[in-house]
Structure formats: C-alpha cells, structure tokens
Novice: 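To start, I am sharing the structure in question, which I have written as structure tokens.
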Amino acid sequence: MTHLHFKRPPLIASVLALSGCAVLCGLGTWQMQKYIAKTGLRNSPSCIDARVQPSEVSNGYNKLLPDPCGFLQVLSGTLHAQTLIPIGPRTNKGDIGYHLYAPLKAEDGTQILVNLGWSPDKAPTLSNFAAIIEGHIITPSGPNSFTPENKPETQEWYGLSVAEISAHYGLENISDAVIFAQNINPAPQTPLVPAELSRSYLTPEMHLQYAAFWYFMALALSIIFILRFMIIRK
C-alpha cells in the first residue's frame with residue numbers, strides 16, 4: 001500500500017513560501033477590489049444614464065476629463081489631420097508602426113489631441129476635415145525614464161507629451177487629456193487600426209483576468225511547496 005508522508009520543511013523555506021503566497025493573494029485581492037469598484041461604478045444610475053444618453057461635445061475641449069464610467073465619449077469639430085504627430089515605434093500584431101495623433105479643434109477654438117490609431121506609415125497623406133470622434137478620453141502619464149528624448153525638429157516622437165507637442169506646433173487652449181479614437185466619421189482614406197488603451201487604463205474585465213492570474217500563481221506556489229516535501233512510501 002502506498003502511503004504519503006511529509007517531512008518537516010526548513011523554517012526559511014516555509015517563511016518564503018508563506019510570504020510569497022500572501023503577496024500573490026494580496027495582489028489578487030487588490031485586482032478584485034478594482035474589478036468590483038469599476039463594475040459598481042459602471043452599474044451606478046449616473047453611469048447607466050450616461051450610457052443610455054450619450055451626448056456629443058463640440059466645445060470646451062480644454063476642460064475635458066476622463067469619463068469615470070469608462071464609456072465612449074463623442075466629440076465633434078475640425079480634425080487638423082495635416083498636423084500629424086507620429087509617436088513610435090509601436091507594434092501591432094508583431095508589425096512595427098506608429099500611433100498617429102492630430103489635434104481636434106472645437107467650435108470655441110479649444111483643442112484636444114486625438115489618437116487616430118496605428119499605422120505602418122509614419123506620414124500618410126491626410127487632409128483637414130470636419131469629423132465626429134468616438135473614443136475614450138484619458139490623461140496620459142507622459143514618457144517614462146526609459147523613453148528616448150523626443151526630437152521635434154526631425155519629427156521623432158518617442159513618447160506622448162502634450163505640453164511638448166503643443167509648444168512645438170503652437171497649439172493653444174489644448175486639453176491635458178487625449179482621446180483614443182475608436183470610430184472616426186467620416187473615416188480617413190488611410191486605413192488606421194484603433195489603438196488599444198495602455199495598461200494604466202484597465203477595464204473591469206482586465207482587472208478580473210489579473211486577479212485570476214495572481215490567485216492561480218498563489219495556488220501553484222502552494223502546490224509546488226507541498227509536493228517538494230512530500231514523500232511517497234510503499
């Protein structure tokens with residue numbers, strides 16, 4: 001008959017394993033809290049009303065803030081697509097390209113940068129046109145310490161800096177936020193792939209996936225630790 005026996009694990013190994021499980025479970029719980037909070041916000045009456053009755057904005061772009069409900073917002077104005085800012089390199093399904101930005105000007109003269117999407121072409125030919133932009137408004141965090149320095153004079157933009165871009169192109173009354181376009185009407189003649197939001201702007205579903213991952217890692221660590229000190233005797 002086969003018997004399972006466990007030998008006493010070393011104190012240091014036990015402390016490290018328990019600490020690791022505690023950290024992983026803590027990360028999972030943190031992500032679950034964010035999932036619950038964002039899901040509750042989306043299901044709140046104010047967010048439901050905003051989702052059912054989306055309103056088109058055509059003024060005051062320099063006062064825009066990210067939507068706490070995480071829904072798409074609709075802006076209309078003149079898209080100055082000839083003032084094209086390629087930020088990259090950025091990848092899409094393994095291909096190297098750029099995120100193309102252009103200013104959208106409201107009726108009152110205020111402006112906001114629009115992430116038009118991803119393109120393999122750094123400088124496609126686009127004309128200015130009246131457009132309706134549907135997308136997510138975010139406040140960009142700006143380039144990090146590992147991002148190369150931008151070189152505006154040669155159109156080499158490695159990181160998104162609204163202040164630097166607005167100063168170089170003379171964009172006045174511009175918002176600190178940007179909008180990631182999911183739909184552009186009318187659609188530009190140049191095909192553009194809508195850019196995905198950065199991981200800093202996780203949806204509730206993404207938080208749930210991260211929570212499941214961290215809980216799974218805690219379970220895997222526990223199983224490995226138990227198996228390490230398990231002795232099978234016949």
Novice: Would you say that more than 12 heavy atoms from the other residues, nucleotides or ligands in this model lie under 6.0 Å from the CD of Gln189, or not?
Specialist: no

Novice: Under a single-linkage definition using a 4.5 Å side-chain heavy-atom cutoff for Ile, Leu, Val, Met, Phe, Trp and Tyr, are Val162 and Ile85 assigned to the same hydrophobic cluster?
Specialist: yes

Novice: Under the 3.5 angstrom rule, does the side chain of Asn59 hit a backbone N or O of Asp108 as a donor-acceptor pair?
Specialist: yes

Novice: If I take atom CG from residue Asn183 and atom CG from residue Leu72, how far apart are they, to the nearest 0.5 angstrom?
Specialist: 7.5 Å

Novice: With rounding to the nearest 0.5 Å, note down the distance linking CG in Leu171 to NZ in Lys105.
Specialist: 9.0 Å

Novice: Using atom types as modelled and distance alone, determine if a side-chain donor or acceptor of Asn128 lies under 3.5 Å from a backbone N or O of Gln82.
Specialist: yes

Novice: Is it the case that atom CD1 in Ile12 sees more than 12 heavy atoms from other parts of the structure closer than 6.0 Å?
Specialist: no

Novice: Taking C-beta and beyond as the side chain, do Cys25 and Trp214 meet within less than 4.5 Å on heavy atoms?
Specialist: no

Novice: Hey, could you give me the OG1/CD1 distance between Thr110 and Ile174, rounded to the nearest 0.5 Å?
Specialist: 10.0 Å

Novice: Who pairs with Lys93 by side chain to side chain contact (heavy atoms under 4.5 Å, CB included), at least two apart in sequence or on another chain?
Specialist: none

Novice: Does the side chain of Tyr35 pick up a donor-acceptor pair with the side chain of Gln33 at under 3.5 Å?
Specialist: no

Novice: Do His99 and Pro86 touch side chain to side chain, with heavy atoms closer than 4.5 Å?
Specialist: no

Novice: Shortest non-hydrogen contact from Ser222 to Cys21?
Specialist: OG-SG, 3.2 Å

Novice: Any chance you could lay out the side chain to side chain contact (heavy atoms under 4.5 Å, CB included) test for Glu134 and Leu75, step after step, and finish with the verdict?
Specialist: CA-CA 6 Å; Glu134 185 179 27; Leu75 308 182; over 6 Å; no

Novice: For a side chain to side chain contact (heavy atoms under 4.5 Å, CB included) check, start with the C-alpha distance between Asp121 and Thr190, then their side-chain angles and the critical distance, and finish with the verdict.
Specialist: CA-CA 9 Å; Asp121 189 354; Thr190 299; 5.8 Å; no

Novice: Which atoms form the tightest heavy-atom contact between Leu126 and Pro188, and what is the distance?
Specialist: CD2-CB, 4.0 Å

Novice: Hey, any chance Tyr215 and Leu208 share a hydrophobic cluster, counting ILVMFWY side chains that come within less than 4.5 Å of each other, even indirectly?
Specialist: yes

Novice: Taking side chain to side chain contact (heavy atoms under 4.5 Å, CB included) as the definition, give me every residue that meets it alongside Val193, ordered by chain and number, with sequence neighbours left out.
Specialist: Asn92, Trp118

Novice: When rounded to the nearest 0.5 angstrom, what distance separates OH in Tyr98 from NZ in Lys122?
Specialist: 5.0 Å

Novice: Are Tyr158 and Ile96 connected in a single hydrophobic cluster, I mean Ile/Leu/Val/Met/Phe/Trp/Tyr linked by side-chain heavy atoms less than 4.5 Å apart?
Specialist: no

Novice: Of all heavy-atom pairs between Val114 and Ala181, which one has the smallest distance, and what is that distance?
Specialist: CG1-CB, 4.0 Å

Novice: Of all heavy-atom pairs between Pro186 and Ala130, which one has the smallest distance, and what is that distance?
Specialist: CD-O, 3.5 Å

Novice: Using 0.5 Å steps for rounding, measure from the CG atom of Leu221 to the CE atom of Met217.
Specialist: 8.0 Å

Novice: Applying side chain to side chain contact (heavy atoms under 4.5 Å, CB included), run through Leu79 and Leu116 and close with a yes or a no.
Specialist: CA-CA 10 Å; Leu79 186 64; Leu116 302 176; 3.8 Å; yes

Novice: Can you name the side chain to side chain contact (heavy atoms under 4.5 Å, CB included) partners of Thr78, sequence neighbours left out?
Specialist: His80

Novice: Once side chain to side chain contact (heavy atoms under 4.5 Å, CB included) is applied, do any residues pair with Leu160, and if so which ones, sequence neighbours excluded?
Specialist: Ile87, Tyr101, Leu113, Pro140, Ile165, Val178

Novice: Enter the distance from Asn150:CG to Thr154:OG1 here, rounded to the nearest 0.5 Å.
Specialist: 9.5 Å

Novice: Between Leu192 and Phe180, is there a shared hydrophobic cluster once you connect ILVMFWY residues whose side-chain heavy atoms come closer than 4.5 Å?
Specialist: no

Novice: Quick one: does any side-chain atom of Gln73 pair with a main-chain N or O of Ile179 as donor and acceptor, under 3.5 Å?
Specialist: no

Novice: So, using ring-ring contact (aromatic ring centres under 6.0 Å, His included) as the criterion, who are the partners of Trp157 when residues are at least two apart?
Specialist: His168

Novice: Does Phe216 have more than 12 heavy atoms from other residues, nucleotides or ligands lying within 6.0 Å of its CZ?
Specialist: no

Novice: Apply side chain to side chain contact (heavy atoms under 4.5 Å, CB included) to residues Ile132 and Glu56 and explain how you reach the verdict.
Specialist: CA-CA 9 Å; Ile132 297 176; Glu56 184 178 311; 4.1 Å; yes

Novice: Indicate yes or no: at least one non-hydrogen side-chain atom of Glu164 is less than 4.5 angstrom from one of Pro152.
Specialist: yes

Novice: Using a 6.0 Å cut-off, check whether atom CD of Glu172 has over 12 heavy atoms from anything other than its own residue.
Specialist: no

Novice: Any chance you could pull the hydrophobic cluster mates of Leu11, using side-chain heavy atoms under 4.5 angstrom and chaining through other members?
Specialist: Val15

Novice: If we only count heavy atoms from C-beta on, is the Ser14 to Phe225 side-chain gap below 4.5 Å?
Specialist: yes

Novice: Using the rule that two of Ile, Leu, Val, Met, Phe, Trp, Tyr join whenever any of their side-chain heavy atoms come within less than 4.5 Å, decide whether Val57 and Leu104 are in one cluster.
Specialist: yes

Novice: What pair of heavy atoms forms the shortest contact from Gln182 to Ala195, and how long is it?
Specialist: NE2-O, 3.6 Å

